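The sequence lines fix the lettering, A, B, ..., with proteins before strands; numbering per chain opens at 1. Since we're looking at a predicted model, the values are computed, not measured.
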Amino acid sequence: MLDVRRVRTELEVLKAGLARKGADPTELDRVAELDRRRRELGDRRDSVRARINAISKEVGRLRRSGDDEEAEARMAESRSFGDEEKALAAEADEVGAELRDLLLRIPNVPADDAPDGAGEHDNVVVRHGGPDPDAYGEHQRVPHWDVGASLGILDLERGAKVAGSMFPMYRGAGARLLRALTSWALDRHADAFEEVRPPSLVRSATMVASGQLPKFADDAYHLERDDLWAIPTAEVPLTSLGAGEILAEGDLPVRLTAATPCYRREAGSAGRDTRGLIRVHEFDKVEILAYTTPEQAPAMHAELLERAEALVVELGLAYRIIDICTGDLGQSHARSFDIEVYAPGSELWLEVSSVSWFGDYQARRADLRYRRDADARIDHVHTLNGSALAWPRIWAALVEAGRQPDATVVLPEVLAPWLGGATTIGSPR
RNA sequence: GGAGGGAUGGCAGAGCGGCCGAAUGCGGAGGUCUUGAAAACCUCUGGGCGCAAGCCCCGCGGGUUCGAAUCCCGCUCCCUCCGCCA
């Protein structure tokens, strides 16, 4: 969430930021108003409390010196402030809660250098890499759901039988390919990132910390009986891993990686991209995430993007990197780069990674701070994260791009160690 | 799931309802001493809001009281035992 103090001192700057995102800037006027009222009520409450505290101390002194009569008088005096204190406290709490609820729903402001734009169509392609998307042959122009079905490595019908549509079932070499991708990616990050295996069900507070709640409750699976949420990304537990803690500056940057299942209801996109693996309710993903000082953040953003890009390069896929414009930025994001790979059979660019910088927006929600070496001041960390990578769409692109004229599928050499040395799926027809 | 015990500052560990934001020890920072270091000694050493006065925080949330770390209720988490179980 945004820093209320900035709302007080840089209201217009923040409003301009929200406007760039296409969000309603007038919400901040309401924040400023609630903040004023909360502080005013708090001040009044505190001065009444100061009176009560002083009198109560006096009562203690009088009691000890045996002057019970005067003590009684002071107790009565203190009692007379009770109702006022209660009323002011209740009102201050109410305004405070309203302020917090509002603040939790207001998006982050975009970074200055994020490109302006109203929506998806204004995103900027930064660069292309890998093979020429137009150079794929006719044998590669078969969608992955057909390739997967004929090779027996993707069983969407059985997935639907067991759990419903958009719950894919991978089989045989298809399942093993997923396992290989996860192992390969985790190993590729092992040089600098601590591997974590976090819970995939989390509390509401954890979902609030990274920004999924309260606004996007409909997008997530909720286990009502236990009041737990199925994580939509490892970002959720990894961001909260340090919640409520104060780290030493020397601990930063903290680099974490995790492979987890991800669950998304896709409530807002019913009927879209329903074929194959392009949009599914459950998928596996390897995430890389960091806590940094504000100074370290830009370099870390570049590092995460390089890592995600390196994986796509090693897989030999055609890809492009997109600088997300202000109007398309997620609620918590200040700056994001997406990596899209080209799937020649589906003839689609598929988003397989989103590498984002959140500033202190999540850290404030999570109360995740660090102590600066220079002056021992305590400040919020910056959080950054990226997928490296999301596997179903990679799986789809690999299967389509790897398809040979003889209908077998050849997989990238880099995966061989995790595939028992075999990089071909199926036998020639 | 059942029974019991516990939660205090970076850690350990005190804390009759008032003089407790909290003893003491350790750890950490600075200083004295020393050629240097160790030892010894001295000082400092939680967080939040606020310009300040002041207010709040002893797991979290309520309550009792003039006054709560201390009493009461609910919750969460941890530990022990039993049950169940990958």
Side-chain angles (χ1 to χ4, degrees), chain A residues 1-10 31-104 197-209 223-229 237 240-252 254 261 360 363-381:
Chain A
M1 62 192 151
L2 299 176
D3 183 358
V4 237
R5 276 167 300 196
R6 282 190 70 198
V7 175
R8 300 207 277 262
T9 58
E10 311 173 46
V31 168
E33 171 57 21
L34 287 169
D35 178 50
R36 257 191 303 276
R37 279 179 54 206
R38 182 190 53 126
R39 289 209 290 159
E40 201 238 298
L41 288 164
D43 284 352
R44 285 169 58 196
R45 176 202 58 204
D46 286 354
S47 51
V48 174
R49 279 184 180 168
R51 288 291 292 279
I52 293 173
N53 288 343
I55 295 171
S56 296
K57 276 209 160 88
E58 187 65 17
V59 170
R61 250 186 309 260
L62 292 166
R63 269 281 161 75
R64 256 170 284 128
S65 66
D67 191 347
D68 288 348
E69 200 176 312
E70 183 59 22
E72 276 303 330
R74 313 249 59 189
M75 280 161 65
E77 184 188 357
S78 177
R79 251 194 301 270
S80 71
F81 290 112
D83 289 346
E84 187 184 358
E85 194 272 342
K86 271 197 171 59
L88 284 169
E91 210 182 331
D93 287 352
E94 200 179 308
V95 174
E98 199 182 330
L99 174 61
R100 186 180 158 76
D101 287 350
L102 181 58
L103 231 28
L104 283 176
R197 178 43 256 235
S200 352
L201 299 179
V202 299
R203 302 171 182 286
S204 297
T206 303
M207 293 282 278
V208 169
L223 284 71
E224 235 172 272
R225 193 184 166 103
D226 301 290
D227 195 17
L228 289 169
W229 300 79
S240 281
L241 182 143
E245 301 189 22
I246 300 175
L247 307 175
E249 182 171 348
D251 294 338
L252 301 175
V254 169
D360 62 7
R364 279 183 191 284
R365 289 170 163 255
D367 193 25
L368 175 37
R369 298 172 294 171
Y370 76 105
R371 194 184 303 276
R372 306 190 85 101
D373 282 338
D375 51 10
R377 224 181 65 232
I378 290 169
D379 205 357
H380 290 90
V381 303

> Is the shortest heavy-atom distance from the side chain of A/L252 to the side chain of A/V254 under 4.5 Å?
Replying inline: yes
> Does the side chain of A/R74 come within less than 4.5 Å of A/R79's, by heavy atoms?
Replying inline: no
> At under 4.0 Å between heavy atoms, what does A/R51 touch on the DNA or RNA strands: base, sugar-phosphate, or nothing?
Replying inline: nothing
>> Between B/rA37 and B/rG18, how many Å separate the two P atoms, rounded to a whole number?
In response: 48 Å
>> Please give the distance between the C1' atoms of B/rC56 and B/rA22 as a whole number of Å.
In response: 15 Å
>> I'd like the P distance from B/rU35 over to B/rG48, given in whole Å.
In response: 43 Å
>> I'd like the P distance from B/rG27 over to B/rA39, given in whole Å.
In response: 9 Å
> Is B/rU76 paired to anything, Watson-Crick or G-U wobble with both distances less than 3.5 Å, and if yes, which nucleotide?
Replying inline: B/rA7
> Of all nucleotides in RNA chain B with an atom under 4.0 Å from a non-hydrogen atom of chain A, which is the first and which the last going 5' to 3'?
Replying inline: B/rG18 to B/rC77
> Which of residues 1-10 of chain A sit near RNA chain B, with a heavy atom under 4.0 Å from it?
Replying inline: A/R5, A/R8
> How many angstroms lie between atom CE of A/M1 and atom CG of A/L103, to the nearest 0.5 angstrom?
Replying inline: 6.0 Å
> When the C1' atoms of B/rG17 and B/rU64 are considered, how many whole Å apart are they?
Replying inline: 11 Å
> Which base sits across from B/rG18 as a Watson-Crick or G-U pair, both distances under 3.5 Å?
Replying inline: B/rC66
> In the structure shown, which nucleotide is the Watson-Crick or G-U wobble counterpart of B/rG1, with both distances under 3.5 Å?
Replying inline: B/rC82
>> Using heavy-atom distances to pick each residue's nearest nucleotide on RNA chain B, tell me which of A/K86 and A/R49 is more 5'.
In response: A/R49
> Any donor-acceptor pair under 3.5 Å linking the side chain of A/R38 with the backbone of A/V95?
Replying inline: no
> Mind checking the P distance from B/rG4 to B/rG54? Whole angstroms is fine.
Replying inline: 47 Å
> Hey, what do you get for CE (A/M207) to CH2 (A/W229), rounding to the nearest 0.5 Å?
Replying inline: 6.0 Å
> Which value, rounded to the nearest 0.5 Å, describes the distance between A/E70 atom CD and A/M75 atom CE?
Replying inline: 12.0 Å
> Which part of the nucleic acid, if any, lies within contact of A/R203, taking any heavy atom under 4.0 Å across all strands shown: a base, the sugar-phosphate backbone alone, or nothing?
Replying inline: sugar-phosphate
>> Quick check for you: to the nearest 0.5 Å, what is the distance between A/E94 atom CD and A/E91 atom CD?
In response: 7.0 Å
>> Measuring only the C1' atom in each nucleotide, how far is B/rG59 from B/rC77? A whole number of Å is fine.
In response: 8 Å
> Distance-only, no hydrogens or angles: does the A/E85 side chain make a donor-acceptor pair with backbone N or O of A/V48 under 3.5 Å?
Replying inline: no
> How many angstroms lie between CD1 in A/I52 and CD in A/E77, if you round to the nearest 0.5 Å?
Replying inline: 10.5 Å
> Below 4.5 Å, heavy atoms only, C-beta onward: do A/L88 and A/D46 meet side chain to side chain?
Replying inline: no
> If the C1' atom of B/rC16 is compared with that of B/rG28, how far apart are they to the nearest Å?
Replying inline: 34 Å
> Distance from A/K57 atom NZ to A/I55 atom CD1, nearest 0.5 Å?
Replying inline: 12.5 Å
>> Can you tell me the base-pairing partner of B/rG54? Count Watson-Crick or G-U wobble geometry only, both distances below 3.5 Å, and say none if there is no partner.
In response: B/rC49
> With distance as the sole test, does A/R364 use its side chain to make a donor-acceptor pair with the main-chain N or O of A/L2 at under 3.5 Å?
Replying inline: no
>> Under 3.5 Å for both donor-acceptor distances, Watson-Crick or wobble: does B/rC41 have a partner, and if so which one?
In response: B/rG31
> For residues 53-68 of chain A, which residues have at least one heavy atom under 4.0 Å from RNA chain B?
Replying inline: A/N53, A/S56, A/V59, A/G60, A/R63, A/R64
